[in-house]
Protein chains: 2
Amino acid sequence: MLISTKGRYALRVLIDMAEHSGTGYIKLMDIAERQEISEKYLESIVKELVRHDIVVGLRGKGGGYKLSKEPDKIVVGDILRFMEGGLEPVACLGKQSKPCPKVSVCRTLGFWRGLNDVICQYIDKYTVADLMLTEENGNDYII
Amino acid sequence: MLISTKGRYALRVLIDMAEHSGTGYIKLMDIAERQEISEKYLESIVKELVRHDIVVGLRGKGGGYKLSKEPDKIVVGDILRFMEGGLEPVACLGKQSKPCPKVSVCRTLGFWRGLNDVICQYIDKYTVADLMLTEENGNDYII
DNA sequence: CGCATTTCCTATTATAACGGTATGTTTATA
DNA sequence: TATAAACATACCGTTATAATAGGAAATGCG
C-alpha cells in the first residue's frame, strides 16, 4: 500500500473541515467521531497540518481547528507529499538525497522519473474542493 | 519511498540477464557482482521471479538462471506488482481486500482509483526490452 | 478569579515490514 | 565422485507504522 494512514486521514480531516466550515472552529473530537478515527491519533496528523499552515488551531473553550485557506486552494499533492515525507518512487529522486553514483549507467532512472511525473501530474491536479464534489454513492458503481 | 529494493533489484536483475543472455545460464554470483548487490539477498528476489515463471533456474555445475521469455514480453508492471505484493495506493483497491464499509460515502475513493489507474497505465506500458534501450549516460542530464 | 475546555507537547509501545545474513540440502555437470 | 550451483529454511537488527498515555498551556465564560 503506497499511502499510509497519515496521508489518507489527513485528506479525510480536511474534507470534513471543509464540509463543516462556517461555524467557526471545529473541535477535533467532533471530527474524530464523524470519521471514526482515534482522537489522539488525529492530533499527530493535525499537528502536521498546522505546521504547514493548512489549518489553524485555537485553544480553550470554543476552540478547535479550521482551514487557513479556501478548499480550492489546498492541493492534494502538497498534503500527501509532506504527510508521507515524500512520494518519490525511488530514493534517488528525493529532494535531499545524495546523488546516486550509478546515475550515469542506470537503466531504470528514466523509468522512475516518468513514473514520478505521472503521479505528480495527477495528484497536483486535485484540490480538497474537488474531493468534496464527489457525491454520496457516486463511487458505488456496484448495484 | 514507494518502491522497495525487492521491486528495484528485480528489474535490475532482469535487465542484467537480458543484456548477458545468449551464453546459456547465468550464475547469480555474476549478477550480484555486476549489480553490487549481496548474492544472498538476490536469492530471495530471484526465487520470486522463478515462482512467477519469469526466469528459470538450473542447478549444479554450469547452472544458473535465464529469462523464460523474451525481454519485450516481460511487462514491468507485472514484475513490480508481485514483487511489492500489490501497488494499490490504498488497501481497499487491493485484489483480495474485504469491501470497505464506507465505500458508499467515501469522498476519496474516486481519487484513489484515478491514481491507481495512471500508475498502472504507466508501468504496464514498459517492458524489460524498453528499459534496456536506455543508453549509458542517457539519464545524466547534468553536465 | 477560577474552572472547564480544548489545543499543544512529549514520551512510550506493540506490531510488522524491510533488508540482510547464515547454514544447510539437493541437483546437475565435468 | 568432487564440485558448483540453485534451492530451502531460519534468524536478526533496524526502522516505520499506528497508535496510546499523561500532562502542560492557553482560552473563554460565569
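Protein chains get the first letters and strands the later ones, always in sequence-line order, with residue 1 at the start of each.
Regarding contacts with the backbone of D:dT20, a side-chain N or O of A:S38 is found under 4.0 angstrom from either OP1 or OP2. In this model, the phosphate group of C:dC8 is not approached by any side-chain N or O of A:K47 to a distance below 4.0 Å at OP1 or OP2.
A:E84 contributes a side-chain N or O that, together with a main-chain N or O of A:S4, makes up a donor-acceptor pair within less than 3.5 Å. Counting only distance, with no hydrogens or angles, the side chain of A:R12 and the backbone of A:Q35 share a donor-acceptor pair below 3.5 Å.
Test B:I119, B:V90, B:I3 against A:L2 for side-chain contact (heavy atoms from CB on, under 4.5 Å) and you get one pass: B:I119. Only one option out of B:V46, B:I37, B:L14 pairs with B:Y9 in a side-chain contact (heavy atoms from CB on, under 4.5 Å); it is B:I37.
A heavy-atom distance below 4.0 Å to DNA chain C is reached by none of the residues of residues 85-94 of chain B.
Rounded to a whole Å, the NZ atom of B:K27 is 16 Å from the P atom of C:dT29. Per the geometry, CG belonging to B:D30 stands 14 Å off P belonging to D:dA4, to the nearest Å. Distance A:M83 CE to D:dA16 P: 16 Å, rounded to the nearest Å. The nearest whole Å value for the distance from the CG atom in B:L42 to the C1' atom in D:dC7 is 15 Å. In this structure, B:E39 places its CD atom 9 Å from P of D:dA5, rounding to the nearest Å. Rounded to an integer number of Å, the gap from A:I45 CD1 to D:dT17 P is 12 Å. Distance CD (B:E48) to P (D:dC7): 13 Å, rounded to an integer number of Å. Here the C1' atom of nucleotide D:dA5 and the CD1 atom of B:I31 are 13 Å apart, to the nearest Å.
If you check every strand for non-hydrogen atoms under 4.0 Å, B:Y65 touches sugar and phosphate atoms only. B:G62 comes within contact range of no nucleotide atom at all, as no heavy-atom separation falls under 4.0 Å.
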Could you go through residues 49-61 of chain A and list every donor-acceptor pair under 3.5 Å that involves a side-chain atom there, pairing it with any protein atom two or more places apart or in another chain?
from  : atom 1 : to    : atom 2 : distance (Å)
A:R51 : NE     : A:E48 : OE2    : 3.1
A:H52 : ND1    : A:E48 : O      : 3.0

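Hydrophobic clustering, with ILVMFWY side chains joined whenever heavy atoms are under 4.5 angstrom apart, keeps B:Y25 apart from B:V128. Residues A:L87 and A:Y122 fall within the same hydrophobic cluster, defined by Ile, Leu, Val, Met, Phe, Trp and Tyr side chains chained together at heavy-atom separations under 4.5 Å. Cluster membership check: B:M1 does not share its hydrophobic cluster with A:V103, using side-chain heavy-atom separations under 4.5 Å among Ile, Leu, Val, Met, Phe, Trp and Tyr.
In the helix from C:dC1-D:dG30 to C:dA30-D:dT1, the rotation axis of the first five pairs and that of the last five pairs differ in direction by 10°, rounded to 10 degrees.
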Enumerate all atom pairs, one protein N or O and one N or O from nucleotides 17-19 of chain C, separated by less than 3.5 Å.
from   : atom 1 : to   : atom 2 : distance (Å)
C:dC18 : OP2    : B:K6 : NZ     : 3.4
C:dG19 : OP2    : B:T5 : N      : 3.1
C:dG19 : OP2    : B:T5 : OG1    : 2.8
C:dG19 : O5'    : B:T5 : OG1    : 3.4

Protein-nucleic acid N or O pairs under 3.5 Å, nucleotides 23-27 of chain D:
from   : atom 1 : to    : atom 2 : distance (Å)
D:dA26 : O4'    : A:R59 : NE     : 3.4
D:dT27 : O2     : A:K61 : N      : 3.1

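Under the side-chain hydrogen bond (donor to acceptor under 3.5 Å, both in side chains) criterion, A:R81 pairs with A:D78, A:D124, sequence neighbours left out.
The side-chain heavy atoms of B:R8 and A:W112, taken from C-beta on, include a pair separated by under 4.5 Å. Contact check for A:C92 versus A:L109: side-chain heavy atoms found under the 4.5 Å cut-off. A heavy-atom distance below 4.5 Å is not found between the side chains of A:Y65 and A:I31.
Surrounding CD of B:E43 are more than 12 heavy atoms belonging to other residues, nucleotides or ligands, all under 6.0 Å away.
The nearest pair of heavy atoms linking A:I79 to A:A10 is CG2-CB, 4.0 Å.
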